[in-house]
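The structure appears right after this line, and notes come after that.
Because the structure is predicted, anything quoted here is derived from the model rather than measured. Every chain is numbered from 1, with letters handed out A, B, ... down the list of sequences.
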2 protein chains.
Amino acid sequence: MKMSGGVEWSVHCLSLLASLPPDRTLSAKRLAEFHGIPAAYLTKHLQALVRDNILESIPGPRGGFRLSRATEQITLLDVVDAIDGKRPAFRCSEIRQRGPSALGSKCYRRPCGIAAAFANADAAWRGSLMNCTLSDLIAEIPEKVDPRQQKKSAAWLKKVLG
Amino acid sequence: MKMSGGVEWSVHCLSLLASLPPDRTLSAKRLAEFHGIPAAYLTKHLQALVRDNILESIPGPRGGFRLSRATEQITLLDVVDAIDGKRPAFRCSEIRQRGPSALGSKCYRRPCGIAAAFANADAAWRGSLMNCTLSDLIAEIPEKVDPRQQKKSAAWLKKVLG
DNA sequence: TATATCCTGGATATTTAATATCCTGGATAT
DNA sequence: ATATCCAGGATATTAAATATCCAGGATATA
Ligand code: FES
Ligand code: FES
């Protein structure tokens with residue numbers, strides 16, 4: 001069970017975009033350059049974020065991506081849903097409806113207890129992700145990220161926005 | 001992000017094995033027959049459950065599998081760990097250590113805040129799974145499973161246990 | 001003791017999903 | 001007019017999940 005690596009890329013990109021001056025953007029190429037990742041593939045993930053209204057895209061020279069909502073209105077769950085899809089990890093194949101002691105499909109209106117237990121776990125997971133906003137993540141940068149890196153990032157931003 | 005389908009198979013097999021008389025077993029072939037799934041592949045999953053001490057295996061004629069512990073001592077998390085592995089869905093690739101504004105690897109002793117948030121969600125998920133035992137699942141069978149299916153299953157068991 | 005049954009583990013094939021690149025077309029600032 | 005950038009489709013590559021097969025060892029039974 002592995003989540004798309006694009007989720008890590010996306011959240012880091014969103015965090016960087018959040019530090020931009022209002023109405024400024026970063027192109028996919030710049031975002032990929034900053035994170036040392038392939039631009040062509042990152043583009044696919046950014047498009048998914050645009051589709052889910054997490055990012056806005058501006059075409060043309062001086063174009064690029066910017067946040068589509070306030071950082072308080074973007075949760076980790078939003079990103080996971082956009083990149084990794086909304087389907088739960090546990091997929092009930094209705095195994096109970098197979099084999100020699102199964103009944104007709106009309107007799108299985110209520111969900112299987114096992115599937116229900118996994119749905120509960122999935123809800124707990126989603127609840128935790130829903131409770132964490134981009135704003136929360138950014139708030140802990142000053143205490144968690146090495147000041148030297150913060151400085152280098154700011155300098156890089158200044159350079160490319162120049 | 002998809003969990004192995006073997007998890008669903010496994011929990012249903014464990015549930016069936018829990019209804020066996022003490023010291024009786026079911027072979028992989030019988031378990032596969034009951035659930036209408038491929039025996040050769042199910043065998044792989046059963047072996048994983050034996051490795052994690054959830055099942056015991058008895059070789060030879062009249063052999064097969066039986067629960068290795070009381071139903072109260074087997075949680076959904078145990079099964080997921082055995083079948084799907086213990087690695088979390090979100091795998092931090094340390095993207096923060098790449099790109100033009102990264103520092104040396106010694107400067108990243110504390111985990112990334114983003115990875116920490118996903119670790120929290122994973123813990124919530126595992127906590128939910130840990131709280132659900134095989135005993136819990138079996139207890140809700142009388143109210144959740146169609147009585148006709150319960151009867152057919154019992155009859156099938158009686159037949160194969162001869 | 002011969003035999004049939006059953007688990008174990010390795011080798012291998014098949015199918016599906018994730019990862020990655022490329023290219024055309026359209027938008028837009030300069 | 002041109003250079004830059006996003007959108008989206010086509011396609012290739014790689015990794016993972018799914019599935020089968022077989023040789024070897026254990027054991028109950030006749
Ligand atoms: S039938 Fe799918 S989990 Fe029980
Ligand atoms: S570096 Fe992996 S989540 Fe931040």
Interatomic spacing from [atom1] in [X] to [atom2] in [Y] - rounded to 0.5 Å:
{"X": "B/L161", "Y": "B/R30", "atom1": "CG", "atom2": "CZ", "value": "9.0 Å"}
{"X": "B/W156", "Y": "B/K159", "atom1": "CH2", "atom2": "NZ", "value": "7.5 Å"}
{"X": "B/L76", "Y": "B/T133", "atom1": "CG", "atom2": "OG1", "value": "8.0 Å"}
{"X": "B/R148", "Y": "A/L103", "atom1": "CZ", "atom2": "CG", "value": "5.5 Å"}
{"X": "A/L129", "Y": "B/F90", "atom1": "CG", "atom2": "CZ", "value": "10.0 Å"}
{"X": "A/H35", "Y": "A/H12", "atom1": "NE2", "atom2": "NE2", "value": "6.5 Å"}

### Query
If you write DNA chain C from 5' to 3' in dot-bracket form, with Watson-Crick or G-U pairs under 3.5 Å, [ ] for crossing pairs and | for pairs with another strand, what do you get?
||||||||||||||||||||||||||||||

With a 3.5 Å distance limit and no angle check, can you tell me whether [X] reaches the backbone of [Y] through a side-chain donor-acceptor pair?
{"X": "B/K152", "Y": "A/A102", "value": "yes"}
{"X": "B/R109", "Y": "B/K106", "value": "no"}
{"X": "A/R66", "Y": "A/T25", "value": "no"}
{"X": "B/S128", "Y": "B/W125", "value": "no"}

### Query
Atom CG of A/L26 and atom C1' of D/dC6: how far apart are they, to the nearest Å?
14 Å

### Message
In whole Å, I'd like the distance from the CZ atom of A/R87 to the C1' atom of C/dA18.
### Response
14 Å

### Query
In residues 46-57 of chain B, which ones come under 4.0 Å of DNA chain C, going by heavy atoms?
B/Q47, B/V50, B/R51, B/S57

#### Entry: Protein-to-nucleotide contact annotation, 5' to 3' order, nucleotides 19-30 of chain C [B base; S sugar-phosphate only; - none; under 4.0 Å, heavy atom]
BBB-----BBB-

